[in-house]
Amino acid sequence: MDGSLGTEREAEGAAQEVPQPGPLGGRPDEEPGARPHPPIPETRTVERLLERLRVICGEGNVIVHEHQLRTYQSDGLLQYKVLPRAAVLPSDAEEVREVVRACYESEVPWVARGAGSGLSGGALPIEDGLLIVLTRLRRILEVDLENQRVVCEPGVNNVAISQAVGPTHFFPPDPSSQIVCTIGGNVAENSGGAHCFKYGFTTNYITGLEVVLPDGEVVTLGGKEVDHPGYDLLGAFVGSEGTLGVATKITLRVIPKPEVARTLVAFFDTTAQAGQAVTDIVGEGVVPGAIEMMDRLSIQASEQMAHAGFPLDAGAGLLVELDGSEAECETRFEDVRRICTHVGAREVRVARDEAERELMWKMRKAAFPAMGRISPHYYVQDSVIPRTRLPEVLARIDELQAEYGLQVANVFHAGDGNLHPLVCYDGHSEGEAERAEELAGKIVLACVDAGGSITGEHGVGVDKKRYMPNLFDEADLAAFQKLRCAFDPAQRANPGKVMPTPRLCGEVPGPYRRHPLEVAGLAERF
Amino acid sequence: MAQAVLRSERPASAPDAAALLRSASEEGRTVRFRGGGTKLGWGRLAPEPDLAVSTGGLERLVEHNVGDLTAVAEAGVALARAQEAFAAEGQMLALDPPAIDGSTIGGVIATGDSGPLRHRFGSPRDLIIGIKVALPDGTIAKAGGKVIKNVAGYDLAKLFSGAFGTLGLITEVALRLHPRPAAMATALLRGADPGALAAAAAALSHAPLEQLALDVSWAGGQGAVLSRFGGATAREQAEAALREGRDADGLTREVVDDDEQLWREQCARQRSQGGMVVRVSGLQSRLADILRAAEGHGATMAGRAGSGLCWLALDERESHEALAAVEDLRRELKPLRCVVLDAPEDVRAALDPWGPHDDRALALMRRVKQQFDPQGVCNPGIFVGGM
């Protein structure tokens, strides 16, 4: 979600010709995308495919020139760059189907991309593969308010849904990048946002999908109604990071807007106190619409951008927003104030009007972009921990900061334990980028040790696949692969993402060929 | 069929269950999973399997992380027992399918059963945050984890929810819990006009209210809309609901403070002993049609007004009449899907309880089945398309 890595980083990427090292100084042969697992198609085959794509989508919608392809070399995670062989911009579902079918017949792997605001390298192209850009599929096909459903194409912006059903209704998943990110991307990543502790994630709001499978077949999963008989393939597809097919039509659920929202920010001397306040608030049965924490460094950075007058010496700021019925909000809001004060808040600031509320949110949302003002570069993580383990994990992050001599700013969705540590570094200083990524990696492992997860909402993509074995053993990964093989036996959809090591499917359509990786003993067939 | 002695196993751990499945695979045997045994009559009628595997030995409530509002339970834990443990800490699993003694957490999840709280909290698939399954190849696989927000790996918990045990045996789940509301109250609207009831339900569904549940019911020519609230101000919220869309619709309106019994009765309409239950995947815009269909067939009805998911219960009748009723319902409510749940064996033998299917989706489902259970060991024949 928080869709920016800072403009500085982008500028640097453009100016610098030397490829940046992969995270953790990844070995060159592990560069993601450089070696997709399907056999690399021959140039002649690709040329024939491109001819076909020009017929399907029109000459101008097939991009092959390097300078134009640079637009698509990264998603929101700019550390990774790969140029695809070509990018194609279909205009509707039928063209997507034909493009995927053509890829299938040419045995060319492909990656689908929405706005490219993802933060895990999930939409990173593959060399010698095709990038299918879905931003032209941006029609809202139907607003069925009576049934609280919207049917749209994948390239529609997240925020456009709430706009289409407002002011009475809204679409709860609200990634910080919601102005630019697409619903198709949200479906692929199972995106979250600041309100998911109470309202849930994208997966809880998708009721139907039309999917182009990697062999070009079109299948309809679910619909406007719920509980269609059969396996919940809809649930399996949402969050599959583009590895099971392309969603070309999305049916989603919208809900009535709450009557009121009440917002406060409480300032504490330490993050431990703020963490205790979160535990106590939730422990008393309050379910805030949002409960977001910022530490001192992120307050200091945001203040430079948002100028909300937050105290720069506070150890932590806790933004709590209650929404719902006016009666219930008023009652529980008093409980929240009492708890914050009881835990030791030095100040509790209540938003008196919408302008003040917006300013508080501006502070929270500025945290990522503002980081550029206090550090030349930063690296963001997305780990999750059980909420009660917050104090020990924060203590561990403090230790790591000292050990590496680097600053870490902490911003988190405190209700669901989703941390976004921002590791600050100066990429121009020799070896600092690698140290920053190593430190970020240690934070991820500390979260896993605390019983958490490597990613709460950004996805595994290429960025976190190396941590998958820390969460899942061989049998787990083999079970994931079974699902993959049911949808995409030839593994042409977004290969090289999510799974930590290349794997093959037992039954590949067409004549059996041993894969080069298999020959080399680097992969085995399941 | 119906041979008296079925070999029965009761594995005491996930590895035991996995070993059982592996040997069944190797020996070419079929297995029927069993939790509390309360929904064994759902799905297609299939030949008796070689082996019954009960989750009765998997009944540990492994963790209740009070501060994190999460729990880990083995599949055989009785839902009622788990709810008691959660309630002792002021919490609940927001899953309230019809209360039948012995329903297990694993069984409720495997069948995707749900109750009125679904309005606010979703179905089992929305409450599972992690899963552990024993697969026919003898491996134990897990997905998800123990945190409420997690996008690492494929969401196999959703794939196994509602899969009726046809992909493998759920041995353990991690669940998200919710605070138990301090008080509850229900706004109750009654009347005999399906159109007025549907309109009132729609008004409530679109109002800026925070309802725990929003149901419609029908029984014996009388219907109701039930809108339930929780929290410190439950009664005030229910009173506010009564003021929504108040026009001359002929409905009576009241707030019920002590509403447990009301909801137990409502829930009970989702099951039938001896009769037949048809679950309709409806829509809000079809609620009036579904209510009229219930009246037309002498059925009782419990429905979730928000999603339009409804259960019609028909009392015992001759099997040809029961079959005709299912056929009529499917025609009258087309294209809504009507799934037969509870039904006498002779009725189940004569129809496909799942109804007509979409060929392409079914082909993909078969590929999923083929991947997880290539030899058809697990609960063969009962699921969609005879899987």
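Residue numbers begin at 1 in each chain, while the letters A, B, ... track the order of the sequences. Just so it is clear, the structure is predicted and the values come from calculations on it, not from any experiment.
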Quiz item: Side chain, backbone, both or neither: which part of A/Ile385 has a heavy atom under 4.5 Å from chain B?
Solution: backbone
Self-check item: Heavy-atom proximity to chain A below 4.5 Å, by part of B/Phe372
Solution: both
Quiz item: What part of A/Asp144 lies closer than 4.5 angstrom to a heavy atom of chain B: side chain, backbone, both or neither?
Solution: neither
Self-check item: Toward chain B, the part of A/Ser240 with a non-hydrogen atom under 4.5 Å
Solution: both
Exercise. Could you pull out all residues at least two apart from B/Ala182 that satisfy side chain to side chain contact (heavy atoms under 4.5 Å, CB included)?
Key: none
Exercise. Would you mind telling me which of B/His178, B/Arg286, B/Met387, B/Arg304 has the largest number of heavy-atom pairs within less than 4.5 Å of chain A?
Key: B/Met387
Quiz item: Considering only heavy atoms, which portion of A/Val287 lies under 4.5 Å from any heavy atom of chain B: side chain, backbone, both, or neither?
Solution: side chain
Exercise. Against chain B, label A/Leu244 side chain, backbone, both or neither, depending on which of its atoms sit under 4.5 Å from a heavy atom there.
Key: side chain
Practice problem: Could you tell me which portion of A/Lys224 (side chain, backbone, both or neither) has an atom closer than 4.5 angstrom to a non-hydrogen atom of chain B? | Solution: both
Quiz item: Is it the backbone or the side chain of A/His169 that comes under 4.5 Å from a heavy atom of chain B, or both, or neither?
Solution: side chain
Self-check item: Salt bridge present between A/Asp382 and B/Lys149 (N-O < 4.0 angstrom)
Solution: no
Self-check item: Region of A/Asp473 that comes under 4.5 Å of a non-hydrogen atom in chain B
Solution: both
Quiz item: Just how far is it from atom NZ of B/Lys369 to atom NZ of A/Lys482, taken to the nearest 0.5 Å?
Solution: 12.5 Å
Quiz item: How long is the gap from CD on A/Glu326 to CD on B/Glu236, to the nearest 0.5 Å?
Solution: 10.5 Å
Quiz prompt | A/Glu328 and B/Gln237 side chains, donor-acceptor separation under 3.5 Å | solution = yes
Quiz item: With chain A, which of B/Phe383, B/Phe229, B/Phe164 has the greatest number of heavy-atom pairs at distances under 4.5 Å?
Solution: B/Phe383
Practice problem: Give, as side chain, backbone, both or neither, the part of A/Thr168 having an atom under 4.5 angstrom from any heavy atom of chain B. | Solution: neither
Practice problem: State which residues pass side chain to side chain contact (heavy atoms under 4.5 Å, CB included) with B/Ala141; sequence neighbours excluded, sorted by chain then number. | Solution: A/Asp476, A/Ala479, B/Val133, B/Leu135
Quiz prompt | Residue A/Glu217 versus chain B: region with a heavy atom under 4.5 Å | solution = side chain
Quiz item: Out of curiosity, B/Asp126 CG to A/Thr203 OG1, how far, rounded to the nearest 0.5 Å?
Solution: 7.0 Å
Quiz item: If you tally heavy-atom pairs under 4.5 Å against chain A, which of B/Val151, B/Thr139, B/Val384 wins?
Solution: B/Val151
Exercise. Tell me, for A/Val211 versus chain B, whether the close heavy atoms (under 4.5 Å) come from the side chain, the backbone, both or neither.
Key: neither
Self-check item: Heavy-atom pairs under 4.5 Å with chain A, option from B/Ser281, B/Gly67, B/Ala234, B/Pro179 with the top count
Solution: B/Ser281
Quiz item: Quick one: what part of A/Glu241 sits under 4.5 Å from any heavy atom of chain B, side chain, backbone, both or neither?
Solution: side chain
Quiz item: Taking non-hydrogen atoms and a cut-off under 4.5 angstrom, which of residues 352-362 of chain B neighbour chain A?
Solution: B/Trp354, B/Asp358, B/Arg360, B/Ala361
Self-check item: Residue list, side chain to side chain contact (heavy atoms under 4.5 Å, CB included) with A/Ala188, at least two apart or on another chain
Solution: none
Quiz item: Measuring heavy-atom distances to chain B, does A/Tyr231 have an atom under 4.5 Å in its side chain, in its backbone, in both, or in neither?
Solution: both
